[in-house]
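Inspection log for the structure reproduced underneath, given as structure tokens.
Remember, it's 1-based here, ligands and their atoms both numbered in the order they're listed.
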Amino acid sequence: MTTAKVGRPVNHTPSAASPRRAVPASKAVAAPEKTVNGTANSNGGGAKVMIIGGDGYCGWATALHLSARGYKVAIVDNMCRRSFDLQLGLDTLTPITSAHQRVRRWGEISGNHIELMVGDICDFEFLSEAFQSFNPDSVVHFGEQRSAPYSMIDRQHAVFTQHNNVIGTINVLYAIKEFNPDCHLVKLGTMGEYGTPNIDIEEGYITITHNGRTDTLPYPKQGGSFYHLSKVHDSHNIHFATRAWKIACTDLNQGVVYGVRTEETMAHPDLINRYDYDGIFGTALNRFVVQAAVGHPLTIYGKGGQTRGFLDIRDTVRCIQIAIDNPADKGEMRVYNQFTEQFSVNDLARIVGTEGKKLGLNVETVTIPNPRVEAEEHYYNAKCTKLRDLGLEPHFLNEGLIDSLLSFAIEYKDRVDMKLIKPAVDWRKSGVADATSKAAVAV
Ligand code: NAD
Ligand code: USQ
């Protein structure tokens, strides 16, 4: 990894910041008997789960959720997400501690050791060592550049995103094949792989009859950014590898995640999760909540009819556990659509506006010329029954949840930099010149 050259996306040349060796960051602590607040159980039974991208928003919450439930967890992360903030002048709403401090504190309060391996999965030598030293039963792969706007800043960021995501995933596939052929890959895809077709969206596959013949085929993909397309390419590569090498994979096409609190991340201030609200990494509902808290009009891009699947971060962690506990068969790429409800951007603005007013906030909206190229009024009906069938009990978006999210944002509102709120990247203007400084919303 990295280089952390200011104004450039990180590259893949090893440096002192990313040791090639998969060195555990802290020594093992007591056996995983204790639970946080006494509510977790131990149904993980010591199963070994490697969480790639475990320092990120979804990954950190998942690492703690699984660790509290008796899984033996190792985090693999090269900290590039933290570098993006440094490069672009962004910051999370919440004051997050270092990855090392996080796992140390978690060990102290839970008695459960999380191994921390700092390195880049695009560096196959590092990844090989990590695989061979930890020998995972499952790998949960969150470790990608996940912002659509970041991938559209300019050519360099598009190339970085596709290189990081596609090559990283190919490396994970090779590591499983060579070192742990029985290891189940749980890969985070995205609902945005499907785009917004004028027909119902199925879970991964669609049965088509064409000229009198019928087949079940991967559902057509129409990613709306170079980021979303990196996930499409991952899905194709994984599908091929499952067939060629009999690898078992579950591809989770996740919708937009909202919320920040999980039981474990709220157990101590050092465990708090990141919360992005800026124009590059902030996602729709999380942004609207912060905007309402600081009196910024809610930024609706275009007509606001853009409809997506959404889920609470407490359901993300539970979906991952369900996927781990119900592995795909060898040679199978199982696909689940991981969201619980659909909303349009206008729906979200209405909900946040209504709840904000109850808290005495003056919530306004503003229509911003859409910086993205996307349908603003469209049909959207995506299936999401498979995870429910396996036991997911969703936390739906209700008044209580918005209320608590708003209160959370109000608690941290002094940390909000208003300059970071505006949309920072225009799909149509993405060019070949280095546009980092233009996208650096803080300048
Ligand atoms: P995040 O950016 O907060 O976390 C990703 C983590 O992966 C970061 O800690 C980063 O440092 C690490 N990483 C990236 N490239 C790496 C590499 N080459 N080697 C090692 N570590 C690397 O993102 P997130 O919001 O937690 O998303 C996690 C995954 O879930 C992503 O794959 C994303 O595409 C997917 N997803 C996220 C959402 C959402 O709303 N946040 C929705 C759908 C899907
Ligand atoms: N939007 C606004 N105003 C804003 C922010 C967003 O109107 O201030 C609109 C966007 O134009 C888009 C929709 O809200 O139509 C969703 O945008 P987003 O930024 O919340 O989500 P997106 O860019 O699609 O990406 C996020 C995560 C990504 C994940 C994806 C899931 O960053 O990692 O893959 O959600 S999905 O959208 O289902 O593909």
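- Centroid-to-centroid, the aromatic rings of Phe142 and Trp60 stay 6.0 Å apart or farther.
- Checking Tyr258, Tyr150, Tyr301 against atom 2 (C) of ligand 2, the nearest heavy atom belongs to Tyr301.
- A salt bridge links Lys231 to Glu144: at least one charged side-chain nitrogen sits closer than 4.0 Å to a carboxylate oxygen.
- Residue-ligand proximity, Ala148 to ligand 2, at heavy-atom distances under 4.0 Å covers atoms 23 (O).
- For ligand 1, the atoms closer than 4.0 angstrom to any heavy atom of Gly189 are 44 (C).
- Taking distance alone, with nitrogen or oxygen atoms compared against 3.5 Å, Gln145 stays at or beyond that limit from ligand 1.
- For ligand 1, the polar-atom distance check against Cys58 finds a nitrogen or oxygen pair separated by under 3.5 Å.
- Here Arg146 has heavy atoms under 4.0 Å from ligand 2 in both its backbone and its side chain.
- Salt-bridge check for Arg350 with Asp347: passed, with a basic side-chain N closer than 4.0 Å to an acidic carboxylate O.
- By the criterion of a heavy-atom distance under 4.0 Å, the side chain of Val345, and not its backbone, is placed next to ligand 2.
- Both the backbone and the side chain of Met191 come within 4.0 Å of ligand 2, counting heavy atoms alone.
- Here the two rings, on Tyr194 and Tyr219, have centers that are under 6.0 Å apart.
- Atom 22 (P) of ligand 2 has Arg372 NH1, 3.7 Å as its closest protein atom, hydrogens excluded (heavy atom only).
- A salt bridge is absent between Lys383 and Glu203; no separation between the charged side-chain nitrogens and carboxylate oxygens falls under 4.0 Å.
- Atoms of ligand 2 lying under 4.0 Å from at least one heavy atom of Gln254, given by number and element, are 31 (C), 38 (O).
- Heavy-atom distances between Gly255 and ligand 1 reach below 4.0 Å in at least one pair.
- Near Thr283, the atoms of ligand 2 lying under 4.0 angstrom from a non-hydrogen atom of the residue are 19 (O), 20 (O), 26 (C), 27 (C), 32 (O).
- Looking at ligand 1, you'll find an N or O of Asn164 within less than 3.5 Å of one of its N or O atoms.
- Here the rule is side-chain hydrogen bond (donor to acceptor under 3.5 Å, both in side chains) with Tyr71, and of His65, Gln321, Lys48 only Gln321 fits it.
- In terms of polar-atom proximity, Tyr227 is counted as a contact of ligand 1, with an N or O under 3.5 Å from an N or O of the ligand.
- Short contacts between ligand 2 and Ala284, defined as distances under 4.0 Å to a heavy atom of the residue, involve ligand atoms 14 (O), 18 (P), 20 (O).
- The option with the heavy atom closest to atom 24 (O) of ligand 2, from among Met152, Arg308, His228, is His228.
- Taking a 4.0 Å cut-off on heavy atoms, Gly309 fails to register as neighbouring ligand 2.
- Interface atoms of ligand 1 facing Asp120, defined by a heavy-atom separation under 4.0 Å, are 17 (C), 18 (N), 19 (N).
- At under 3.5 Å, a nitrogen or oxygen of Ile121, whether backbone or side chain, sits near a nitrogen or oxygen of ligand 1.
- Residue Phe396 places its CZ atom among more than 12 non-hydrogen atoms of other residues, nucleotides or ligands, all under 6.0 Å distant.
- Ligand 1 has a nitrogen or oxygen under 3.5 angstrom from a nitrogen or oxygen of Gly143.
- Under a 4.0 Å heavy-atom criterion, Gly168 is not in contact with ligand 1.
- Here atom 10 (C) of ligand 1 lies nearest to Asp77 when heavy atoms of Asp77, Asp234, Asn286 are compared.
- The Tyr227 neighbourhood of ligand 2 comprises atoms 28 (C), 29 (C), 33 (O), 34 (O), with distances under 4.0 Å to a heavy atom of that residue.
- Using a 4.0 Å cut-off between a side-chain N of Lys or Arg and a carboxylate O of Asp or Glu, Arg102 and Asp55 qualify as a salt bridge.
- Taking every heavy atom of Val257 and a limit of under 4.0 angstrom, the matching atoms of ligand 1 come to 38 (C), 39 (C), 40 (O), 42 (C).
- For atom 35 (O) of ligand 2, the closest non-hydrogen atom on the protein side is Val256 CG2, 3.5 Å.
- Using a 4.0 Å cut-off between charged side-chain N and carboxylate O, Asp276 and Arg81 make a salt bridge.
- Heavy-atom proximity to Thr299, at under 4.0 Å, picks out these atoms of ligand 2: 2 (C), 3 (N), 4 (C), 7 (O), 8 (O).
- Taking 4.0 Å as the cut-off, Lys231 counts as a neighbour of ligand 1 on heavy-atom distance.
- Between Ile52 and ligand 1 there is no heavy-atom distance shorter than 4.0 Å.
- Using a 4.0 Å cut-off to heavy atoms of Gly192, the atoms of ligand 2 that qualify are 36 (S), 38 (O), 39 (O).
- Each of the following atoms of ligand 2 lies closer than 4.0 Å to a heavy atom of Glu374: 10 (C), 11 (O), 12 (C), 15 (O).
- For ligand 1, the atoms sitting less than 4.0 Å from at least one non-hydrogen atom of Met79 are 11 (O), numbered in the order shown with element in parentheses.
- At under 3.5 Å, not a single nitrogen or oxygen of Arg82, backbone or side chain, sits near a nitrogen or oxygen of ligand 1.
- Contacts between Lys231 and ligand 2, counted as non-hydrogen atom pairs separated by less than 4.0 Å, are absent for every part of the residue.
- Residue contact check for ligand 1: Gly119 places a non-hydrogen atom closer than 4.0 Å to it.
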